[in-house]
Amino acid sequence: MKAVYKHPRGMPDILPGDIGQWHAIEAAVRSTMHSYGYEEMRTPLLEKTALFERGIGEATDIVEREMYSFLDRKGESLTLRPENTASCVRAGVEGGLLQPGSVHRIWYQGPMFRYERPQLGRQRQFHQTGAEVYGVSGPVIEAELILMTAELWRRIGVCGVVSLEVNSLGTGADRAAYREMLIDYFQASADQLDEDSQRRLGKNPLRILDTKNPDMQELVENAPKLIDHLSNESAEHFAHVQELLALNDVQARVNPRLVRGLDYYSHTVFEWTTDRLGSQSAICGGGRYDAMLADFGAKATPGVGWAMGMERIVALVAVISEGDVAATPARGPDAFVISTLKDDTGFPIRITETLRRACPQLKVVQNTGTANLSNQLKRAGKLGARCAILLGEAEKASQSVTIKPLTGKNDPFTVPVAQAGQALSSILGS
RNA sequence: GUGGGCGUAGCUCAGUCGGUAGAGCGCGGGAUUGUGAUUCCCGUGGUCGUGGGUUCGAUCCCCAUCGUCCACCCCA
């Protein structure tokens with residue numbers, strides 16, 4: 001079989017055999033969001049390009065080289081969303097949610113798009129799940145958001161292989177003062193900066209600290225740290241967050257070099273990482289971004305949030321469970337209808353449909369082959385069916401069905417069609 | 001965006017020192033003209049990712065392209 005068409009690069013299909021993993025993780029996400037009182041929000045996949053340029057920051061890699069932007073039929077520049085925070089803020093403002101004093105806990109889930117070289121855990125169309133809180137300043141809500149990610153890892157079953165790093169970026173004023181300090185420091189050693197860093201020096205010197213260039217490690221290591229130059233209020237704020245995490249048994253390592261890629265953060269930022277996924281180690285990250293709300297028209301409303309990469313979580317679960325998950329088959333049919341009537345297709349489908357209507361909670365599947373009874377039963381067994389419904393000349397003549405339980409050693413029995421649904425329910429239990 | 005590996009049946013892979021290909025599993029049918037998870041038999045399967053080039057001849061060599069993986073980079 002040759003495929004006439006292939007998927008675009010970095011945009012793989014999720015086939016039925018893999019969807020169970022996603023459903024399991026999505027179920028954990030939903031239950032966690034419910035526990036914490038967050039409500040789902042959905043925004044369009046396309047936004048006006050300016051929304052992301054402004055919201056994410058012009059000097060970021062995402063905006064500079066990773067966005068899928070195009071002109072629509074009226075010549076307006078639209079972009080496939082590379083992340084969802086800017087859209088959520090836009091929707092919150094536009095939808096009138098972000099009134100001063102009101103509080104909203106929001107979560108989202110869906111595909112995002114970035115033009116990158118694909119790798120394990122890094123696709124061009126990928127899926128993020130995230131949570132955002134609007135209308136709450138202060139450290140408690142930051143702690144809540146971090147604590148819910150920790151709880152999510154517990155529910156997904158990956159808490160043993162992830163670790164948390166936190167940092168504080170302070171206030172805009174803190175950063176402005178620090179930024180000057182940093183520019184002075186790096187300019188004094190400008191000859192040691194690589195090309196990327198020289199470019200960032202003018203636009204966004206904080207991101208130089210995030211470099212992984214080994215030649216610059218010493219320079220970066222000795223740079224002044226923002227966390228040592230926070231205002232007293234910011235330092236207290238950050239200390240409080242750390243206390244609240246410790247109070248709830250969540251270990252966090254302070255990483256003064258954690259800056260995060262998006263420009264709008266302030267105060268607490270955090271990142272969950274794992275060492276089990278090769279070079280894509282970040283599985284979740286977030287922080288406070290009051291400044292973006294102000295930019296978007298909600299001056300009096302603060303905002304905090306995080307996002308996690310679903311593909312990375314799926315990959316992480318697969319890596320740590322090795323063969324376990326593969327050995328867990330998808331749940332088979334509750335009832336598998338097989339027929340030895342070679343020239344009557346009407347009776348079997350009518351019985352199947354009757355059972356579905358009588359037992360809407362059960363999965364009732366009609367066999368599609370023409371094999372002999374023995375092989376049809378083998379197929380039922382392979383599918384993991386809980387019982388088989390046998391139809392043949394005798395059943396057709398007496399308008400009855402034979403039910404054969406496949407899980408135990410129960411003998412098959414025959415009941416009239418009218419009682420088949422009830423009989424099925426009672427032997428399968430609940 | 002940079003560098004490198006890979007692409008043979010639905011899946012995992014073998015193979016051809018250049019003469020158009022195999023295995024296991026899977027899938028379909030049967031052994032058993034009405035009772036499964038074991039076994040046996042038969043069958044289905046691939047213009048060897050795609051397009052060019054070299055050659056009498058290419059799945060194999062070369063180039064391009066698409067997809068994929070790894071590192072860098074970046075982030076979720």
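Lettering of chains follows the sequences in order, A, B, ..., and the numbering in each one begins at 1. Note that the structure is a prediction, hence the values are computed from the model and not measured.
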> Are the side chains of Y134(A) and I141(A) in touch, meaning some heavy atoms are under 4.5 Å apart?
Replying inline: no

>> For F70(A), give me all partners under ring-ring contact (aromatic ring centres under 6.0 Å, His included), at least two apart in sequence or on another chain.
In response: none

>> It should be established whether H7(A) places a side-chain nitrogen or oxygen under 4.0 Å from OP1 or OP2 of nucleotide C66(B).
In response: no

>> By nearest atom, which of the nucleotides C74(B), U32(B), A76(B) is closest to the I283(A) side chain?
In response: A76(B)

>> Does C74(B) have OP1 or OP2 under 4.0 Å away from a side-chain N or O of R65(A)?
In response: no

>> If you only use heavy atoms from C-beta on, which nucleotide in G34(B), A76(B), C70(B) is closest to the side chain of A282(A)?
In response: A76(B)

> When you compare G45(B) with G22(B), how far apart are their C1' atoms, in angstrom units rounded to a whole number?
Replying inline: 13 Å

>> Using heavy-atom distances to pick each residue's nearest nucleotide on RNA chain B, tell me which of K6(A) and Q123(A) is more 5'.
In response: K6(A)

> Looking for any heavy atom pair under 4.0 Å, which part of the strands does A385(A) touch: base, sugar-phosphate only, or nothing?
Replying inline: nothing

>> Which is more 5' along RNA chain B, the nucleotide nearest E271(A) or the one nearest T414(A)? Just name the residue.
In response: T414(A)

> Between U2(B) atom C1' and R117(A) atom CZ, what is the distance in whole Å?
Replying inline: 7 Å

> Rounded to whole angstroms, how far apart are CG on N84(A) and P on C75(B)?
Replying inline: 19 Å

> Roughly how far apart, to the nearest Å, are G30(B) and A23(B) at atom C1'?
Replying inline: 23 Å

> What is the nucleic acid contact for G10(A), judged by heavy atoms within less than 4.0 Å: base, sugar-phosphate only, or nothing?
Replying inline: sugar-phosphate

>> Distance check, C1' atoms only: C17(B) and A64(B), in whole angstrom units.
In response: 27 Å

> How close or far is atom P of G36(B) from atom CD1 of I389(A), stated in whole angstroms?
Replying inline: 16 Å

> When rounded to the nearest Å, what value does the distance between P atoms of A9(B) and U55(B) take?
Replying inline: 30 Å

>> Given 3.5 Å as the limit, does a donor-acceptor pair link the side chain of D334(A) with the main chain of K363(A), or not?
In response: yes

> Across the strands shown, which category fits G285(A) at heavy-atom distances under 4.0 angstrom: base, sugar-phosphate, nothing?
Replying inline: sugar-phosphate

>> Measure CZ/R124(A) against P/C75(B) and give the value in whole Å, please.
In response: 17 Å

> Contact class for S374(A) vs. all strands (heavy atom < 4.0 Å): base, sugar-phosphate, or nothing?
Replying inline: base

> Under 4.0 angstrom, heavy atoms only, what part of the nucleic acid is I313(A) near: base, sugar-phosphate, or nothing?
Replying inline: nothing

>> What's the closest nucleotide to the side chain of P118(A) if the choices are A76(B), C74(B), C69(B)?
In response: C69(B)

>> Quick check for you: to the nearest 0.5 Å, what is the distance between R81(A) atom CZ and R114(A) atom CZ?
In response: 11.5 Å

>> The side chain of S281(A) is closest to which nucleotide in this list: G30(B), C69(B), C75(B)?
In response: C75(B)

>> Can you see whether Y115(A) has R65(A) sitting over its ring - NZ or CZ less than 6.0 Å from the centre and within 45° of the normal?
In response: no

>> Test side chain to side chain donor-acceptor pair (under 3.5 Å) on E165(A) and T273(A); report intermediate values, then the result.
In response: CA-CA 8 Å; E165(A) 296 183 352; T273(A) 61; 4.7 Å; no

I'd like a table of atom pairs between the protein and nucleotides 38-44 of chain B - only N or O on both sides, under 3.5 Å - with the distance next to each one.
from, atom 1, to, atom 2, distance (Å)
U39(B), O4, K378(A), NZ, 2.7

> How is E393(A) classified with respect to the nucleic acid when contacts are heavy atoms under 4.0 Å: base, sugar-phosphate, or nothing?
Replying inline: base

> Does Q376(A) place a side-chain N or O at less than 4.0 Å from the phosphate oxygens OP1/OP2 of G36(B)?
Replying inline: no

> Would a 4.5 Å heavy-atom cut-off, applied to side chains only, mark T171(A) and H267(A) as touching?
Replying inline: yes

>> What's P8(A) touching, base or sugar-phosphate or nothing? Going by heavy atoms closer than 4.0 Å.
In response: sugar-phosphate

> Expressed as a whole number of Å, how far does the C1' atom of U59(B) sit from that of G49(B)?
Replying inline: 11 Å

> When you look for runs of 3 or more Watson-Crick or G-U pairs in a row, both distances below 3.5 Å, which of them include RNA chain B?
Replying inline: B:1-7 with B:66-72, B:10-13 with B:22-25, B:27-31 with B:39-43, B:49-53 with B:61-65

> Short question: side chain of R379(A), backbone of I338(A) - any donor-acceptor pair under 3.5 Å?
Replying inline: no

> Can any side-chain N or O of T274(A) pair as donor or acceptor with the backbone N or O of V161(A) at less than 3.5 Å?
Replying inline: yes

> Rounded to the Å, how far apart are Y5(A) OH and U50(B) P?
Replying inline: 16 Å

>> Test your reading of the model: is there a side-chain donor-acceptor pair from Q376(A) to the backbone of A371(A), 3.5 Å cut-off?
In response: yes

>> Taking U47(B) as the reference, what is the distance to C72(B) when you measure between their C1' atoms (whole Å, please)?
In response: 39 Å

> Roughly, in whole Å, what's the span from CG in D61(A) to C1' in C72(B)?
Replying inline: 13 Å

>> Check the phosphate of G29(B) against R379(A), side-chain N and O only, distance under 4.0 Å to OP1 or OP2. Yes or no?
In response: yes

> Do E395(A) and T402(A) meet the criterion of a side-chain donor-acceptor pair at a distance under 3.5 Å?
Replying inline: yes

> Which whole-number value in Å describes the distance from E116(A) CD to C69(B) P?
Replying inline: 13 Å

> So which of residues 365-372 of chain A are in contact with RNA chain B, with a heavy-atom cut-off of under 4.0 Å?
Replying inline: G369(A), T370(A), A371(A), N372(A)

> So do V317(A) and I156(A) actually touch side chain to side chain, heavy atoms under 4.5 Å?
Replying inline: yes

>> Say we look at C48(B) and C11(B): how far apart would their P atoms be, to the nearest angstrom?
In response: 16 Å

>> How many whole angstroms separate atom CG of L258(A) from atom C1' of A76(B)?
In response: 13 Å

> Run the side-chain contact (heavy atoms from CB on, under 4.5 Å) check on I283(A) and L277(A) step by step: do they pass?
Replying inline: CA-CA 9 Å; I283(A) 59 164; L277(A) 290 182; 4.2 Å; yes

>> If you go through the side-chain atoms of R122(A), does one of them form a donor-acceptor pair with the base of C69(B) closer than 3.5 Å?
In response: no

>> Do T129(A) and L152(A) make a side-chain contact, defined as non-hydrogen atoms from C-beta onward lying under 4.5 Å apart?
In response: no

> Does atom CZ of R276(A) have more than 12 heavy-atom neighbours, drawn from other residues, nucleotides or ligands, at distances under 6.0 Å?
Replying inline: no

>> Work out how far the P atom of G18(B) is from that of C60(B), and round it to whole angstrom.
In response: 11 Å

> Do T149(A) and W306(A) meet the criterion of a side-chain donor-acceptor pair at a distance under 3.5 Å?
Replying inline: no

When you compare the protein's N or O atoms with those of nucleotides 24-26 of chain B, which come within less than 3.5 Å of each other, and at what distance?
none

> Who passes ring-ring contact (aromatic ring centres under 6.0 Å, His included) against Y289(A), sequence neighbours left out?
Replying inline: Y264(A)

